[in-house]
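A quick write-up on the structure given underneath.
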Amino acid sequence: MSRGEPPPGISIIVHGGAWNIPDEAVEAHLQGVRAAVLAGWAVLTAGGTALDAVEAAIRLLEDDPTFDAGRGSFLNAAGEIELDASLMDGTTFRVGAVAAVQNIRHPITLARLVLERSEHVLLAGSGAARFAREHGLEPCRPEDLLVGRELDRWRELQARPDFSTPQAFRVVPSTSLPERPGDTVGAVALDRHGTIVAGTSTGGTPKKMPGRVGDSPLIGAGTYADSAVGGVSCTGWGESIIKVVLAKTVVDRLEARPGDPKGAAAAGIDRLARKVQGLGGVIVLDRQGVPAFAYNTPRMARAFLHAGLAAPICGI
Ligand code: ASP
């Protein structure tokens with residue numbers, strides 16, 4: 001904090017994916033992001049850390065089958081669920097991430113274990129699962145993560161060899177809206193110590209190749225935090241988000257123009273669309289705790305709450 005700035009206000013923003021969320025799923029998305037922001041807020045108001053708040057918010061979203069994270073995740077082409085998650089502490093620059101892990105109920109908690117108990121940044125696949133077991137995180141059963149909606153979707157997509165995720169994610173220059181669903185979840189929080197933490201958790205994209213890793217566990221792409229500037233969590237077409245390093249791009253813009261998180265979010269999404277024809281959304285908190293978001297999909301589920309607000313502000 002430079003001199004003369006007001007002390008940071010505690011603040012949290014969450015998202016539950018950016019896509020053409022159908023009308024009948026709107027209420028569930030709004031309820032989900034609202035509950036998550038309140039869970040994180042309870043931690044922050046009790047004097048908890050941004051790390052605890054982000055983990056609490058994302059765990060709730062991982063438990064909610066509405067979202068493509070933890071329980072309710074998409075199946076890959078082989079009919080398996082592989083999960084990605086990441087967390088970054090913007091004060092210490094400590095980072096933890098996991099990619100393509102199976103049978104983990106709360107990948108965000110595993111990402112936190114990597115952050116706190118390993119000397120590495122990102123663990124993948126069976127090594128991540130082994131690390132989980134070694135640290136007392138028991139594997140869940142595949143059916144603990146699977147919901148009927150996703151089994152039906154997987155069966156439907158098996159009958160459509162033409163369906164490819166990148167195509168479904170691209171901006172279609174016609175009236176047709178993008179068809180791919182995306183319910184990745186994320187959160188960014190600022191605690192009373194001025195620390196910003198960002199986190200993201202996802203089941204990836206439907207019918208992805210086994211072993212495919214998206215932007216969500218990649219620091220700089222799906223998640224980034226610098227307590228002196230701000231924090232970001234992204235959602236959308238991972239292959240395109242990675243190419244423009246979206247989360248760090250937004251933080252860099254915020255560093256260049258402090259006090260304009262809205263402009264930074266919009267500039268990031270503009271770059272995503274312009275450079276790689278990507279679709280997606282970002283949530284941002286600046287170092288003062290001012291929330292912002294931007295997306296170029298028909299809808300993005302989000303909610304935020306900060307000091308001075310009586311209740312969360314939710315939108316879709
Ligand atoms: N970004 C996620 C991925 O590509 C998907 C999403 O946000 O919907 O894995």
Side-chain angles (χ1 to χ4, degrees), residues 14-22 25 29 32-33 58 61-62 64 66-70 72-77 80-86 97-101 107-108 111 122 124 149-150 153 157 163-171 177-188 198-224 232-250 265 268-269 272-273 276-283 293-302 316:
V14 310
H15 72 76
W19 62 291
N20 189 17
I21 299 168
H29 280 75
V33 291
I58 292 182
L61 292 163
E62 288 174 337
D64 186 335
T66 305
F67 301 100
D68 170 36
S73 288
F74 299 137
L75 280 71
N76 66 15
E80 298 161 339
I81 292 176
E82 289 188 330
L83 304 167
D84 299 338
S86 64
V98 291
V101 284
I108 199 68
L122 171 61
R149 178 195 65 222
E150 293 312 324
R153 191 196 311 278
L157 292 180
F163 179 91
S164 95
T165 305
Q167 285 302 336
F169 263 91
R170 208 159 274 152
V171 181
L177 293 168
E179 60 170 329
R180 67 93 211 171
D183 283 316
T184 291
V185 306
V188 187
T200 310
S201 180
T202 188
T205 52
K207 211 183 167 188
K208 64 184 181 182
M209 280 175 67
R212 177 266 188 189
V213 174
D215 59 300
S216 307
L218 302 184
I219 293 304
T223 303
Y224 199 76
V232 174
S233 169
C234 303
T235 178
W237 178 21
E239 279 71 6
S240 63
I241 291 172
I242 291 168
K243 290 173 191 165
V244 297
V245 202
L246 185 57
K248 179 67 160 54
T249 294
V250 172
I269 292 300
L272 179 72
V276 290
Q277 292 77 52
L279 285 171
V282 294
I283 53 168
F293 56 86
Y295 54 99
N296 63 352
T297 48
R299 284 175 165 152
M300 177 169 79
R302 75 272 171 182
I316 193 156

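Here, residue 1 is the first one in the sequence, and each next residue gets the next number. Start at 1 and go down the list; that is how both ligands and their atoms are numbered.
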Can we say Arg212 and Glu239 salt-bridge, meaning some charged N sits less than 4.0 Å from an Asp/Glu carboxylate O? yes
In ligand 1, which numbered atoms sit nearer than 4.0 Å to a non-hydrogen atom of [X]?
| X | value |
| --- | --- |
| Thr205 | 4 (O) |
| Gly182 | 8 (O) |
| Thr235 | 6 (C), 7 (O), 8 (O) |
| Gly204 | 5 (C), 9 (O) |
| Asp215 | 1 (N), 2 (C), 3 (C), 4 (O) |

I need the minimum non-hydrogen distance between [X] and [Y], along with the two atoms involved.
| X | Y | result |
| --- | --- | --- |
| Tyr224 | Ala198 | O-CB, 3.5 Å |
| Gly203 | Ser73 | CA-OG, 3.6 Å |
| Ala25 | Ile21 | CB-CG2, 4.0 Å |
| Val185 | Phe67 | CG1-CB, 3.6 Å |

Are Thr184 and Ser216 close enough, and set up right, to give a side chain to side chain donor-acceptor pair (under 3.5 Å), and what steps lead you there? CA-CA 8 Å; Thr184 291; Ser216 307; 4.5 Å; no
Any idea which of Arg212, Met300, Lys208 brings a heavy atom closest to atom 9 (O) of ligand 1? Arg212
Can you confirm, on distance only, whether ligand 1 has an N/O atom lying under 3.5 Å from any N/O atom belonging to [X]?
| X | answer |
| --- | --- |
| Gly238 | yes |
| Gly214 | no |
| Thr184 | yes |

Establish, from distance only, whether the side-chain atoms of Thr200 and Ser233 form a donor-acceptor pair under 3.5 Å. yes
Taking the non-hydrogen atoms of Gly17, is any one of them nearer than 4.0 angstrom to ligand 1? no
